[in-house]
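Only one structure is covered here, and it is reproduced in the block below.
Ligands are counted one by one from 1 in listed order, and the atoms in each one are counted from 1 as well.
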Amino acid sequence: MSTEWTRRQVLAQMGIAAAAIHTLDPHELCCVVPAHAQTADKELFELKKVGDGVYAAIAATRYKVNCNAAVIQTNDGVVIVDSHSKPSAAQALYKEIQGITKQPVKKVINTHFHWDHWQGNQVYAAANPGVEVLASERTRENLTRPDAGVGGVPYIEKQLASLPGEIAKLKDDISKATAPDVKARLESNLQQAEAYLQELKSLKPTLPTRTVSSTTTLQEGGREIQLHVLGRGHTNGDLFIYLPKEKVVATGDALIDWMPFLNDGYPEEWPQTLTALEKLDFTSIIPGHGEVRPKSHLAFSRGYLTDLVAAVKKAAADGATLPEMQKSVSDQLAPKYEQGMSKYPVGQYRDRVPVNVEMVYKKVVKKA
Ligand SMILES: [Zn+2]
Ligand SMILES: [Zn+2]
């Protein structure tokens, strides 16, 4: 059974249970995975070549989401972009990388501070003494700020506090479930949640050792790697990793292949930041989540953000209530965006628009 086929089968099965995700935090972007997939850690990531010595590690969907990584080989070591939500995921990818090269990991770059992009840093640091962890200055600050949002050291404590409740709810749901497939999925989720709690308890937060506050070029073992600070978007510290020769950009969650998460974002500035990114000469996007996309995906995502802000402003000016605009904006933008933003069983258009509308309403209209 090939990896490709198994992943497709897993995705198909997850689709059946997509409705079960609604009670969870919007950014958990979580999903359910059939029980048979649980032991398949080797399938956590699928390495896809996007250039000579450049790979996108596309994360399989898990109950506790993992981000994608970019893996960049150089003449004297490896550079990794983002490290997922947990050390075991980073360890799984690291093992796959070692199947390609035995060279040491020299640098880990965190695109932003969200929990699912940096909590695996410790794996690379432990295995590679002297590894540099890079991020923007703002991201470094966010990683220790108590009010930064869904990531950072304080957010580990919040997760530790909330996980026992989440686990109790899963147990309760299991006791009420009658259909064998639903029960099996919930049991798998419970197993993942319990394992995640154990990992979090022993997590060794590994923070950036070097920060950049403006665009910086690294000459890394014969390869040019540019780090672009282009403005606020998904967070106030988004870092874009650009390989000019290979024409590849890794964007973190400033661009993903499903609905964007706006809760820690800047909906009015985000499109401008993407326009600055668009000026770079690239052909492939390694997004924070989902498959590798062509450059045209940038305009599509920016269009959604621009249209969303305009539609919410208009609805508010017309006197609509929040629940009214959650419905009307969702319907209004659907012809252009629903299909393109509902390709996976997670992060789908209709599930996410209400949260996006609420965030734009708060941040842009109410300016809260
Ligand atoms: Zn993410
Ligand atoms: Zn994020």
Atom CZ of Arg293 with >12 non-hydrogen neighbours under 6.0 angstrom: yes
Parallel, tilted or perpendicular: rings of Trp115 and Tyr196 (30°, 60°): perpendicular
Metal site angle (apex the Zn ion (ligand 2)), NE2 from His234 and NE2 from His112, 10 degrees: 100°
Atom name of the N, O or S atom in Asp116 that lies nearest to the Zn ion (ligand 1): OD2
His114, N/O/S atom nearest the Zn ion (ligand 2): ND1
Asp253, N/O/S atom nearest the Zn ion (ligand 2): OD2
Distance under 6.0 Å and angle within 45° of ring axis: Lys295 vs Phe282: yes
Cys67 near the Zn ion (ligand 2) via N/O/S, less than 2.8 Å: no
NZ/NE/NH1/NH2 to OD/OE distance under 4.0 Å, Lys64 and Glu199: no
Salt-bridge criterion met for Lys366 and Glu358 (N-O under 4.0 Å): no
The Zn ion (ligand 2) to nearest N/O/S of His117 below 2.8 Å: no
